[in-house]
Amino acid sequence: MTTATNPESPQSPPLPGRPDQLELGLERWREAADRYDAKVRDAALDLLGDDRSRVLLNAILGNSPFLTRCLLSEVPFAIDVVTKPPDSSLETALGVLDEAALDTADTAAVNKALRVARRRIALVTAVGDLTGAWPLETVTETLSRFADRAVALAAAHHLRRAGANGALTVDADDPLGQSGVFFLGLGKLGAFELNYSSDIDIAVSYDPERVSAPDPDRARQALVRLTQAVVASLQDHTADGFVF
């Protein structure tokens, strides 16, 4: 994924719209910092004394409950996001998906990785947006390309599981490319125009001449279950939230 930097001077983040929400958020930030070792805790608390970092933290904590939850759940990552250019944090955020792609068996681990990556991508794009470091097109494209990767990861994982349990015949090395199943992004996703609160619309279809199954008469049933599993990996609420 490539990003573009806004050629104009960085903008100032917005002022907190909810002072009461800001004060609660700052208190929770300190509490969250205390759950880590001294190095992380001190770095998190140091942000409160740095003018630039404090303005950015105030903008998030005093305006967005969603981004506040992301911030408090990802303190070590949030420290990097607040103190570094967003481009430098983007690959770290996406690296969670690269690690999950190597796990072919544990659905819970894949689902957790998808939700962690969602939080991190939200933080990175928010900082790029709030500071003016990224133009609008980069913000929406980043969110959209993440959604594309999330769907692909969930689909590949559940295709491999379908192959492992004998429901479908699947090439484990290239499950999406060889399966004959297609996940198509529609609407804002298809146009790379997702925003922070967008749902995603996907259409799932298959080529009956390419789909292979040990029991051809039950192939369609297996594909319905596959689609349901992919949707669950993306939209089910867990302790880590949901993806889309």
Side-chain angles (χ1 to χ4, degrees), residues 1-14 29 32 36 40 43-44 47 50 52-53 55-57 59-61 63-64 66-103 109-157 185 188-200 233-234 240-244:
M1 182 185 298
T2 59
T3 61
T5 301
N6 194 335
E8 300 178 359
S9 299
Q11 66 191 25
S12 297
W29 174 257
Y36 292 87
V40 173
L47 296 185
D50 177 78
R52 178 192 172 277
S53 300
V55 168
L56 187 51
L57 282 173
I60 293 173
L61 296 171
N63 289 298
S64 173
F66 167 66
L67 291 174
T68 294
R69 290 194 297 272
C70 294
L71 198 74
L72 298 174
S73 299
E74 297 286 340
V75 172
F77 181 76
I79 293 169
D80 283 345
V81 172
V82 171
T83 57
K84 298 177 181 178
D87 289 51
S88 66
S89 302
L90 181 59
E91 288 307 313
T92 302
L94 293 172
V96 179
L97 298 184
D98 295 332
E99 295 172 10
L102 301 176
D103 190 328
V110 169
N111 291 350
K112 181 179 180 66
L114 286 166
R115 285 152 179 78
V116 170
R118 164 65 167 161
R119 292 198 301 260
R120 293 183 176 186
I121 288 293
L123 286 174
V124 172
T125 51
V127 170
D129 191 9
L130 291 171
T131 61
W134 286 356
L136 176 62
E137 293 79 10
T138 299
V139 172
T140 56
E141 182 177 353
T142 299
L143 293 169
S144 302
R145 291 198 179 278
F146 165 69
D148 183 73
R149 286 186 63 168
V151 173
L153 173 60
H157 172 75
K188 289 182 179 180
L189 173 56
F192 297 104
E193 294 178 348
L194 289 185
N195 58 48
Y196 298 110
S197 61
S198 294
D199 295 331
I200 61 171
S233 281
L234 296 171
D240 296 295
F242 68 102
V243 190
F244 291 101

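The closest side-chain heavy-atom distance from V81 to L71 is not below 4.5 Å. Contact check for N63 versus P14: side-chain heavy atoms found under the 4.5 Å cut-off. Within the 4.5 Å cutoff, no side-chain heavy atoms of F242 are placed close to those of L234.
Panel note: side chain S144, backbone E193; a donor-acceptor pair is recorded below 3.5 Å.
The two residues A122 and Y196 have their closest heavy-atom pair at O-CE2, 4.0 Å. Nearest approach of A44 to I79, heavy atoms of both residues: N-CD1, 3.7 Å. Closest approach of I60 to T68, counting heavy atoms only: O-OG1, 3.4 Å. When all heavy atoms of K112 and D240 are compared, the pair lying nearest together is NZ-OD1, 3.2 Å. Taking each heavy atom of R149 and L97 in turn, the nearest pair found is CB-CD1, 4.1 Å.
Figure legend: cation-pi geometry between R118 and F146 absent, as NZ or CZ is not positioned both under 6.0 Å from the six-membered ring centre and within 45° of its axis.
By the 6.0 Å contact criterion, CG on D199 is open, its count of non-hydrogen atoms from other residues, nucleotides or ligands being 12 or less.
Considering L56, T131, D50 as possible partners of V82, the one that fulfils the side chain to side chain contact (heavy atoms under 4.5 Å, CB included) test is L56.
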